[in-house]
2 protein chains.
Amino acid sequence: MHIYHLAYLYDARADMSEITIKHLAEKLNLATSTVSRALNDSHEISDKTKKRVIELAKALNFQPNAYARGLREQKSKTIGIIVPDRVNHFFNLVIEGVETVCRAHGYSLIVYNSYEDVAQEKKIVYGLLGGKVDAVVMSLADEEKEVEHLKWLQERNIPIIFFDRIAQNVKGSKYVTNDQEAAYIGTKHLLEKGCKKTVFLGLSNTSIVGMARKKGFIQAHEELEIPLSNSSILEFGHDDVQNQAILEKLFYKLDRPDGVLAAAEKLGLSAYRALAKTKIKVPNQVKVVSFTNMQVADLLNPPLSTIAQPAFDLGSACATELIKGLKDKKTDFSLDKKIIIPSVFTARESSQ
Amino acid sequence: MHIYHLAYLYDARADMSEITIKHLAEKLNLATSTVSRALNDSHEISDKTKKRVIELAKALNFQPNAYARGLREQKSKTIGIIVPDRVNHFFNLVIEGVETVCRAHGYSLIVYNSYEDVAQEKKIVYGLLGGKVDAVVMSLADEEKEVEHLKWLQERNIPIIFFDRIAQNVKGSKYVTNDQEAAYIGTKHLLEKGCKKTVFLGLSNTSIVGMARKKGFIQAHEELEIPLSNSSILEFGHDDVQNQAILEKLFYKLDRPDGVLAAAEKLGLSAYRALAKTKIKVPNQVKVVSFTNMQVADLLNPPLSTIAQPAFDLGSACATELIKGLKDKKTDFSLDKKIIIPSVFTARESSQ
DNA sequence: GTGAAAGCGCTAACAA
DNA sequence: TTGTTAGCGCTTTCAC
């Protein structure tokens with residue numbers, strides 16, 4: 001009775017569950033090792049056997065168990081990407097670039113979201129040690145306070161490639177855009193168009209990206225010998241409503257700025273909303289240049305000049321180096337180098 | 001002092017690639033099974049031993065090997081989500097909703113992108129059989145031509161929950177928004193605002209979502225007894241440039257439409273661009289309602305009325321049901337049911 | 001050209 | 001309460 005019950009379960013399992021190499025081997029009267037070799041196109045297996053094996057595998061839709069293979073091989077053919085904000089369009093484009101290269105080389109990609117939180121980032125990184133990924137592409141969660149978890153990962157021979165918010169105190173390949181130069185170009189645009197009072201809108205985190213952009217803003221003023229007051233560099237938090245309120249106040253003032261460089265998309269939009277809301281007709285008198293990747297900058301009126309990062313290219317460049325290195329196994333990923341990919345500045349003038 | 005001891009142990013293992021349960025067991029003079037049980041907080045292990053084990057594990061930053069565990073347990077504590085377009089903002093919000101619930105329950109999430117391509121989707125699904133995920137949340141790649149791969153997955157006891165572009169011929173839980181109703185409301189808005197000649201802009205795929213929106217458009221006209229000509233239902237491909245050209249032509253005509261319902265964000269934007277480009281001053285005479293999740297609709301002029309899907313909620317609802325079912329192991333995921341979460345219609349009027 | 005057997009790291013049934 | 005052992009599915013020596 002008990003036996004029948006078990007037999008029944010076994011049969012049910014046999015049809016319903018997964019096909020393994022062992023099942024194939026039994027059906028074909030071969031050893032599992034032979035089947036494995038045949039499926040991996042080993043040269044020591046006869047063409048005839050290979051054909052038999054592959055045919056049956058296809059017919060039964062055999063899929064190798066990723067975990068068994070990963071355990072045995074000690075690698076996963078998977079790379080991980082850690083971004084600070086999964087919903088952000090910029091990072092999505094980077095991810096798409098990475099994924100495209102991965103797919104082309106038979107790698108899988110797992111996306112992790114650090115929510116701009118170092119604690120979360122650490123959790124992700126240490127979890128990665130479970131062998132889930134062979135390598136990591138990442139943009140830091142926030143200000144670079146802690147790096148032990150990154151060094152730890154590298155010591156475990158899991159290479160890291162950094163992009164955008166790169167680490168300063170960890171060696172490795174770093175892919176960035178020309179943030180300072182781009183901010184410089186954007187600011188010069190404002191100044192050359194006649195802006196007399198420009199402001200820089202930055203997020204209050206001390207991210208390397210924000211710093212670079214601020215430097216570019218200052219650099220342009222210095223070069224054109226235009227004095228900058230303290231009130232020209234503004235810092236904002238993450239609360240959009242509050243930010244907009246501050247900006248509205250700014251634009252209501254009589255000595256309001258006539259040129260704005262926004263170092264983040266959300267700040268550019270907040271500035272734009274604040275301008276739109278000012279009842280006195282200032283919008284057209286204030287030029288805005290914003291770092292952004294949004295697809296609708298050309299639809300706004302007055303138009304928003306933009307600095308767009310080459311996100312997709314950034315991602316595919318990272319992945320290309322990574323996978324190449326993973327394959328030849330000779331690459332030294334701790335080599336410190338920086339690759340700069342230029343942003344695209346688009347000036348848009350009001351038609352009115 | 002104790003700490004120093006642990007640090008010493010750490011150094012001793014520093015060159016070894018990874019810490020395993022076996023390493024811990026040796027250091028502690030315990031069996032691997034004891035260590036395993038201690039780490040999993042088994043009740044049959046003494047508190048003292050537990051403490052010793054957990055302390056060392058922490059000090060060495062032990063991380064269990066995900067592949068070994070997955071292989072042994074035959075489950076991965078991971079769920080997969082398959083979306084047609086990873087870069088699309090709507091799907092990103094859904095993903096965020098799913099991820100939030102997953103994290104809260106200790107599940108990992110892997111995102112797969114089908115690129116709106118059924119062949120790609122099949123590849124993903126069959127690859128999933130490798131045991132990488134315990135369950136799947138998905139929105140179909142395209143028109144529902146093929147479903148064997150989905151049924152296959154279900155037969156392998158991997159539950160699927162559908163959302164947005166749901167399957168008609170596969171049983172299961174289906175989470176959707178009220179597309180027909182939302183389109184109906186949007187269209188009625190246009191008609192009540194006095195539009196005499198309305199057009200529906202849809203993508204030419206036959207997705208269930210597009211169909212429902214089209215139905216809503218027609219329903220509103222029928223209800224208000226306003227006749228619809230053939231030329232009122234327009235279908236577009238995926239080439240934005242070409243779409244915009246077609247729309248420009250449309251708006252240049254003397255008998256141009258004065259109301260537009262766009263069933264996809266990209267079409268709404270193309271229509272908007274086309275309107276902005278027409279030299280004759282038509283923009284303000286044409287009202288546009290678009291399905292969209294973009295964050296800047298309020299910045300446009302003339303304003304764009306929008307129908308936004310509750311993407312995050314959709315995602316978290318799917319994940320909640322899924323994980324609950326995975327946990328109690330009693331849920332029948334082949335039960336056919338539909339959960340409708342309402343969209344949000346926002347009417348925006350021109351201030352001019 | 002093919003088979004037998006070991007072992008990747010983990011958990012659980014069974015022993016003690 | 002702890003130890004011994006088997007085995008998840010796969011690849012890879014080492015035999016033959």
Side-chain angles (χ1 to χ4, degrees), chain A residues 6 10 13-14 17-54 57 60-78 127-132 134 156-157, chain B residues 13 16-54 57 60-78 127-132 134 156-157:
Chain A
L6 290 176
Y10 175 77
R13 202 179 123 78
S17 83
E18 283 177 43
I19 309 295
T20 69
I21 277 194
K22 203 174 157 198
H23 294 147
L24 298 183
E26 279 165 9
K27 289 259 179 242
L28 295 166
N29 268 318
L30 289 171
T32 57
S33 50
T34 308
V35 174
S36 170
R37 277 184 281 233
L39 290 171
N40 291 318
D41 202 24
S42 161
H43 56 275
E44 44 185 7
I45 299 291
S46 72
D47 285 355
K48 203 179 121 219
T49 306
K50 264 186 204 168
K51 216 185 129 199
R52 282 210 313 147
V53 171
I54 290 170
L60 298 185
N61 199 357
F62 165 77
Q63 297 293 139
N65 184 301
Y67 283 176
R69 182 179 276 172
L71 178 59
R72 171 66 222 228
E73 304 245 282
Q74 299 292 62
K75 59 191 180 57
S76 55
K77 269 221 144 193
T78 296
L128 252 33
L129 290 179
K132 270 191 203 154
D134 298 336
R156 265 71 204 158
N157 289 320
Chain B
R13 283 278 165 226
M16 305 292 278
S17 51
E18 285 201 26
I19 310 295
T20 69
I21 278 193
K22 202 174 157 199
H23 295 147
L24 299 182
E26 279 165 10
K27 285 284 168 213
L28 295 165
N29 268 319
L30 289 171
T32 57
S33 53
T34 308
V35 175
S36 169
R37 278 182 282 232
L39 290 171
N40 291 317
D41 201 27
S42 161
H43 56 274
E44 44 186 6
I45 299 291
S46 71
D47 284 353
K48 203 180 119 218
T49 307
K50 263 188 206 168
K51 216 185 129 199
R52 281 212 309 145
V53 171
I54 288 169
L60 299 187
N61 200 355
F62 165 77
Q63 296 294 140
N65 183 302
Y67 283 176
R69 183 178 274 172
L71 178 58
R72 173 65 223 228
E73 304 244 284
Q74 300 291 59
K75 59 190 180 60
S76 54
K77 268 219 147 197
T78 297
L128 253 34
L129 290 178
K132 271 191 201 154
D134 297 337
R156 264 74 202 161
N157 288 321

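So that the names make sense, note that chain A is the first sequence line, chain B the second, and so on, each numbered from 1.
Between A:K75 atom NZ and D:dC10 atom P there is a gap of 16 Å when expressed in whole angstrom units. In this structure, A:Y67 atom OH and D:dT11 atom C1' are separated by 19 Å, rounded to whole Å. The CG atom of B:N29 sits 16 Å away from the C1' atom of D:dT1 (whole-angstrom rounding). If you take CD1 of A:I19 and P of D:dC10, they are 11 Å apart, rounded to a whole angstrom. Rounding to whole angstrom units, NZ of residue A:K50 and C1' of C:dT2 are separated by 14 Å. Taking atom NZ of residue B:K22 and atom C1' of nucleotide D:dT4, one finds them 14 Å apart after rounding to whole Å. As a whole-Å value, the separation of B:I45 CD1 from D:dT1 P is 8 Å. The interatomic distance linking B:N65 (CG) with D:dC10 (P) rounds to 16 Å, in whole Å.
The rotation axes computed at either terminus of the helix from C:dG1-D:dC16 to C:dA16-D:dT1 lie 40° apart, taking five pairs at each end and rounding to 10 degrees.
Panel note: side chain B:S76, backbone B:K132; a donor-acceptor pair is recorded below 3.5 Å. The closest donor-acceptor contact from the side chain of A:K50 to the backbone of A:S42 lies under 3.5 Å.
Comparing D:dC10, C:dG1, C:dC10 against the side chain of A:S46 picks out C:dG1 as the nearest. Looking at the side chain of B:T20, the nearest of the listed nucleotides C:dT2, D:dT2, C:dC10 is C:dC10.
A search for salt bridge (charged side-chain N to carboxylate O under 4.0 Å, His left out) contacts involving A:D47 returns nothing, not counting sequence neighbours.
Between atom OG of residue B:S36 and atom CG of residue B:L24 there is a gap of 10.5 Å, rounded to the nearest 0.5 Å. For the atom pair A:K27 NZ and A:L60 CG, the distance stands at 7.5 Å (nearest 0.5 Å). To the nearest 0.5 angstrom, A:Q74 atom CD is 12.0 Å from A:N157 atom CG. A distance of 12.0 Å separates OG1 in B:T49 from CD in B:E44, rounded to the nearest 0.5 Å.
When the side-chain nitrogen and oxygen atoms of A:T49 are compared with OP1 and OP2 of C:dG1, none of them lie within a distance under 4.0 Å. Contact between the side-chain N/O atoms of B:Q74 and the OP1/OP2 oxygens of D:dG9 is found at a separation under 4.0 Å.
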Subject >> Sequence-aligned protein contact record of nucleotides 11-16 of chain C, with B where the base is within under 4.0 Å of a protein heavy atom and S where only the sugar-phosphate is >> reply: BBB---
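Along DNA chain D, the nucleotide nearest to B:L71 and the one nearest to B:L30 differ in position, and the one closer to the 5' end is contacted by B:L30.
Counting non-hydrogen atoms under 4.0 angstrom, B:D47 reaches nothing in the nucleic acid.
Proximity of B:L28 to B:V53: side-chain heavy atoms (C-beta onward) are separated by under 4.5 Å at one or more points. In this structure, B:L39 and B:I21 have side chains that are in contact, with non-hydrogen atoms separated by less than 4.5 Å.
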